[in-house]
Amino acid sequence: MPKPKASKPSKAPPTAPPPTKVAPPDWPQFKPSLPVVDLTPELHPATSKIATIASFFPKSLCRDYVTFLKTLPLQTTPGKPKRGEAVRVNDRFQIDDAVFARRLWESTGLKEALTENEDLRHLWGGEPVGLNPNIRVYRYSKGQYFDCHYDDSNNLTLPTEPPKAVRTTWTLLLYLTSSSEGCVGGETVFYPNDQKLPSEEIAVSLETGTLLLHKHGEDCLLHEGREVKAGEKWVLRTDLCIER
């Protein structure tokens, strides 16, 4: 069922293709080796369209990544969105990096956590085969936010050998900061009935190192990133890919 038409912007701005000549960053190594705990996806008690994985990154690795991400050439999103797009006010960086996406999938325990849990395999929409190479970094400073929107599903081809046709089904957001690092606000809030009703909201608080997964495409819940009141909210974003 298509999403209802809204009187205000309700879609995330489309992901622009990163510049083709920009070399991928030299991402910090995963130290200590991952996973540091058994990764267990936990479904939200209110819906099977939201899941979290605690301690996906240990706090020390989150600190290393935030320090590194601050050196990247982040760009501030335009203050005035295009027609039909949600208001997003943050600083961001994005790059196509299939090598790093494969590291996140194969060297963190994520692949096993999502493919070997028989109770959850049916949720992913098909056979998970990797992560979207389009890696996005978001920084929300005081006063920045992402208004209500839906995340689209995308068809793409993973640069494997041979290349693999895939479709994205779930958004993955890795929280690198929280109140422990002085970030106040910034919760990801979902509205299960396509209306911004405070009485129905499902708010997911920031927890440093936690991976938030939520279903996108036609089954995406209306959601927003609340305004950051103090400190900085740092997020690493990619998407789960299934074979098509």
Side-chain angles (χ1 to χ4, degrees), residues 18 22-44 50-72 74 92-121 123-124 127-139 158-161 164 166 168-183 188 204-214 231-243:
V22 176
D26 186 14
W27 305 96
Q29 295 300 308
F30 298 152
K31 294 181 180 180
S33 297
L34 303 179
V36 293
V37 299
D38 290 335
L39 300 184
T40 305
E42 296 286 347
L43 293 181
H44 194 280
I50 304 171
T52 55
I53 300 179
S55 300
F56 183 73
F57 269 20
K59 287 189 175 183
S60 59
L61 186 57
C62 290
R63 288 195 295 270
D64 290 345
Y65 263 74
V66 169
T67 298
F68 170 74
L69 297 179
K70 289 180 178 180
T71 69
L72 297 178
L74 276 67
R92 70 197 310 266
F93 172 86
Q94 67 175 20
I95 190 75
D96 271 340
D97 191 341
V99 173
F100 184 61
R102 188 162 56 248
R103 280 180 58 201
L104 285 170
W105 179 242
E106 297 180 350
S107 301
T108 59
L110 180 61
K111 177 180 179 180
E112 292 76 13
L114 299 189
T115 62
E116 295 180 3
N117 190 319
E118 295 299 329
D119 294 333
L120 301 179
R121 283 178 66 96
L123 295 175
W124 313 130
E127 182 63 29
V129 292
L131 300 178
N132 190 344
N134 184 225
I135 305 296
R136 284 138 285 178
V137 174
Y138 301 144
R139 177 181 65 190
L158 294 184
T160 53
E161 190 57 50
K164 188 170 295 183
V166 299
T168 67
T169 57
W170 286 65
T171 297
L172 275 65
L173 300 173
L174 175 57
Y175 295 139
L176 298 172
T177 55
S178 66
S179 58
S180 299
E181 291 73 38
C183 179
T188 304
V204 179
S205 299
L206 307 185
E207 293 291 342
T208 305
T210 288
L211 186 66
L212 168 65
L213 304 87
H214 68 86
E232 292 183 334
K233 170 186 174 182
W234 283 90
V235 181
L236 199 61
R237 154 83 191 267
T238 182
D239 311 286
L240 180 66
C241 296
I242 65 164
E243 200 162 8

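Side-chain atoms of L69 and T71, non-hydrogen and from C-beta on, never get closer than 4.5 Å to each other. A heavy-atom distance below 4.5 Å is not found between the side chains of L172 and D239. Contact of the L61 side chain with the L34 side chain is registered, since non-hydrogen atoms from C-beta on lie closer than 4.5 Å. L158 has its side chain within reach of P133: a pair of non-hydrogen atoms, C-beta onward, lies under 4.5 Å apart. Taking 4.5 Å as the limit, every side-chain heavy atom of P41 sits out of range of all side-chain heavy atoms of L211. Here the side chains of L123 and W170 are in contact, with some heavy-atom distance below 4.5 Å. Under the 4.5 Å side-chain criterion, counting only non-hydrogen atoms from C-beta, L110 is not in contact with L104.
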Taking it one step at a time, do H44 and T52 satisfy side chain to side chain contact (heavy atoms under 4.5 Å, CB included)?
CA-CA 8 Å; H44 194 280; T52 55; over 6 Å; no

For I53 and T40, run side chain to side chain contact (heavy atoms under 4.5 Å, CB included): C-alpha distance rounded to whole Å, both residues' side-chain angles, the deciding distance at 0.1 Å, then the answer.
CA-CA 6 Å; I53 300 179; T40 305; over 6 Å; no

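T238 contributes a side-chain N or O that, together with a main-chain N or O of N132, makes up a donor-acceptor pair within less than 3.5 Å.
Considering all non-hydrogen atoms of both residues, C241 and T168 come closest at SG-CG2, 4.1 Å.
Applying the side chain to side chain donor-acceptor pair (under 3.5 Å) test between Y175 and each of T188, T210, T208 identifies T188 as the sole match.
Every residue was checked against the ring pair (Phe, Tyr, Trp, His ring centres under 6.0 Å) condition with F93, not counting sequence neighbours, and none meets it. Annotation: side chain to side chain contact (heavy atoms under 4.5 Å, CB included) contacts of P35 (sequence neighbours excluded): L39. Listed by chain and number, the residues in a salt bridge (Lys or Arg N to Asp or Glu O under 4.0 Å) with E42 amount to none (sequence neighbours excluded). Among residues two or more places apart in sequence or in another chain, the ring pair (Phe, Tyr, Trp, His ring centres under 6.0 Å) test is passed with F57 by F30, Y65. Listed by chain and number, the residues in a side chain to side chain contact (heavy atoms under 4.5 Å, CB included) with E232 are K70, R139, S141, W234 (sequence neighbours excluded).
Taking CG of L114 as the reference point, atom CD of E127 lies at 10.5 Å (rounded to 0.5 Å). Note that CZ of R136 and CG of L236 are 9.5 Å apart. Values are rounded to the nearest 0.5 Å.
Sorted by first and then second residue, the side-chain hydrogen bond (donor to acceptor under 3.5 Å, both in side chains) pairs with a member in residues 97-113 read W27-D97; sequence neighbours excluded.
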